Structure formats: structure tokens, C-alpha cells
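As the structure lists them, so they are numbered: ligands from 1, and atoms in each ligand from 1. Residue indices begin at 1 and follow the sequence shown. Worth saying up front: this structure is predicted, and the values here are computed from it rather than measured.
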Amino acid sequence: MSKTIAINAGSSSLKWQLYQMPEETVLAKGIIERIGLKDSIVTVKFGEEKATQTLDIADHVQAVTILLEDLTKHGIISDFSEITGVGHRVVAGGEIFKDSVVIDDQVLAQIEELSALAPLHNPANAAGIRAFKNILPEVTSVAVFDTAFHTTMPEVAYRYPIANKYYTDYQVRKYGAHGTSHYYVSREAAKLLNKPLEEVKVITAHIGNGISITAVDGGKSVDTSMGFTPLAGPMMGTRSGDIDPAIIPYLIEHDPELKDAADVINVLNKQSGILGIAEVSSDMRDVEDGLLAGEPKCTLAFNMLVNRLQKFIGQYFAVLNGADALVFTAGIGENSTLVREAVVKGLSWFGMEINPEKNVRGAEGDISTSDSRVKVLVIPTDEELVIARDVERLK
Ligand code: ADP
């Protein structure tokens, strides 16, 4: 009997989920927001209960202290010794980490060195790791990398067609992201299809605020839409996805508000995608309300998103030379009947057809018609569970 915490530490937030392992029961979960700012918000959910408090939390060490105090205060655990493992999501593992790993001083130093590839994320992930090591030094901690699942991509997929020296000297290549999610749903898809994982080809579409599409052949990622950074791929909530890179110097030259490349990248990351076109919001629910009301900008944003998703899915049919299933997952993929319907409608030539009676709110599993040669699956992702399982496997 052991309890494992899965941690997802961002620069100003820390999300966590506590599991009873090996039963995989979720005992509690929570989020600490606005770390380092005034009025940080601490939310804990356990059983039917939800507790919220507002206080000033200076850094990740204090956040972890409060998280652990909350666990005992609410009677979720009686002693810290019940926690036998901590799993940390780490965004960039570069070419070093092909699997999850037990964190020692060297691993932690490598995670910090890889910050060049994920400047917003890896330092926050490392801060979360250090905070737990400070407070629970004896507990096994495991790093689970967003990029690890994609390290099986062949060189033709991960290399960019730019001079070799940019890869050899500067490590510029495709790393991908959301790997834990694509890993999880591709395995669940094989179960639903009732086929051995090695024989299954699936296209997994993680469509949330961030969006990535992956081609999975025999359980291995062979191509994915995110690139050197998570800015690449279809348009997303606030990210542009793929654009002509020549737009960047053009905007620096012509828009007085944009002084340098960092300014443009900031716009491409935070003010583009669905938000940039719909303007009203980056949240798909608001955009769908606008679409149904006939609002032109929301309609364009919806149609552009569908178009970009279709083009990436089409590419991966080519990469895989056919597929058994398309999997929808994450906030939009799991919940938006409209996006699923519109995307699949335009891909009927590939042998996919949705059953409208199955494509309803709360749908899970196979939503395609019995004639559909390529199955359309809705699979809720569970990245925290993968993290907790990896802690069990490695500790
Ligand atoms: P993140 O990448 O931040 O983890 P999520 O996977 O939670 O994001 O996805 C958030 C997106 O899911 C938002 O655009 C939200 O509007 C969308 N979403 C959630 N529920 C619905 C719904 N019922 N219909 C349409 N979109 C939804």
C-alpha cells in the first residue's frame, strides 16, 4: 500500500493528484495558483469535498509545504511517511531522456541544462522537484518527460531541412510534446480496437488549449505536429501553429510595436490562434457560441481550426500509409461534438464516418458507424495516471 503524487509544476502554478497505488485510486487532487504573486489560491478536492483558501505563497517550496499540510489537515493522509513516490511532469527531455527516470542530482542538473529548449517550463519543473526533495528527501522522485514518447521518431521526421550544423551544433530538431497523453490514448485505442498494440496504427489528436497530432505506428510515435517548441502544428487556443517564418522579420520591420524576434514570438504564442481570429476568447466554448449565433470572426476561427486539424490528420494518414483509428482527446477533443463532426465530415474519403447518435456530449469510446473503415474514438486522456504508474514501475 503506497501513495504517490503526480506533480505538474508551472512557473506560477502547481497541479497535483494523489493516488493510492497500485489500485490507482485518486484520493485527492488540487491546484495552487498565483505562486509568487499576492493572493495565491489553493484548491484541494477530496471525495465530495472541495476546500479553497487564499494566501500569499512566495515560491514552490512554500507551495509544496502547504500542499502537504493540507493533506494531513483534511485527513487525506495521517503521516507524510505514507507518501512513497512523487512523479514530476517535465516538459523538455531533449535527446537525453527516452523514458521516465528516477531523479538524482545529475538528472536534476540535466533537466536544468535543458531549459534552453523550454525556457518557460523546465525551470518551473525543476523548482517543483527541488521543493519536494527539500521537504521529503527520502521519497523516490521520478521525472516523466513530455518529449520521451516522441524519441522513437525516425530521423526523416525529426530533422528540419536546414543545414546539418544547426542540428549537430545547436540541437535544432523536432522534439514534440504532449507525449504522455499520446502514449496513454494510443494504448487505450489498441484496447478498444481489440488488437495487439504492435499491429495498430492510430492518429491521436490532442486538442486542448495546446494542440498536437501524432502518428503512432505499433505503439511508437513516428511523427508529431509540435516541433522544436510547442508553437508548431495546427492553430491552437492562443498559438499560431505553423506559419511562414519569413513573417517574423517582416513584422519586426513594419510594425513599430514589435521590436525584436522575442516580441513576435510572444504574439505568436499568446495572441494568435483561436484568440487572434475570434478575438472574443481563446476558449472554444465561447467560439462555438459565436459560431452558432452566426458571428463572422468566431465562424472563421472555427473553420480555420477544423481546416488545420484536417490537414495534419491527412498528413499522418500518408505518414502511416493508412490507419485503424483517429483518436480525439483533451478539452476540445473530448467535449466538442461540433469540432469532431466537422473534422471527420471532411475526411470521409479516408474511410471515416461518425454516427451522429454516438457523437453526443459525454461520449466515450467508438463514435463511428459500423461501416466506418477507420474508427473514430473519443478517449479521455490521463497524463497524471501515466506519471503515477511510472513512479510505481521505477521505484
Ligand atoms: P489545456 O491544454 O490547458 O490542458 P484542456 O485540455 O483543458 O486545455 O482544453 C481546454 C479547451 O477545451 C478550451 O478551449 C475549452 O473551451 C475546451 N472545452 C472544454 N469543454 C468544452 C465543451 N463542452 N465544448 C467545447 N469545447 C470545450
For ligand 1, is G210 a contact, meaning one of its heavy atoms is under 4.0 Å away? yes
Identity and separation of the nearest protein heavy atom to atom 3 (O) of ligand 1: N209 ND2, 3.1 Å
Quick check with a 6.0 Å cut-off and a 45 degree axis cone: is R173 positioned over the face of Y158's six-membered ring? yes
among protein heavy atoms, the one nearest atom 11 (C) of ligand 1 is I332 CG1, 3.8 Å
Counting non-hydrogen protein atoms only, what is the nearest one to atom 27 (C) of ligand 1? Give residue, atom name and distance. R285 CG, 3.7 Å
Relative to each other, are the rings of F97 and F145 parallel, tilted or perpendicular (30° and 60° limits)? parallel
I want to confirm something. Looking only at heavy atoms, which of S281, S212, G331 is nearest to atom 5 (P) of ligand 1? G331
Dump the intermediate steps for salt bridge (charged side-chain N to carboxylate O under 4.0 Å, His left out) on E112 and R130, then the final yes or no. CA-CA 11 Å; E112 288 182 321; R130 277 191 199 287; 2.7 Å; yes
Looking only at heavy atoms, the pair that brings V378 and G333 closest together is CG1-O, 4.2 Å
Closest non-hydrogen atom pair between A118 and P123, with its separation: O-CD, 3.5 Å
Under a 4.0 Å N-O cut-off, is there an ion pair linking K358 with D366? no
Ranking T337, T329, N335 by closest non-hydrogen atom to atom 20 (N) of ligand 1, top hit is N335
Ranked by distance from atom 16 (O) of ligand 1, the top protein heavy atom is D283 OD1, 2.4 Å
Closest protein heavy atom to atom 26 (N) of ligand 1, given as residue, atom name and distance to 0.1 Å: M284 CB, 3.7 Å
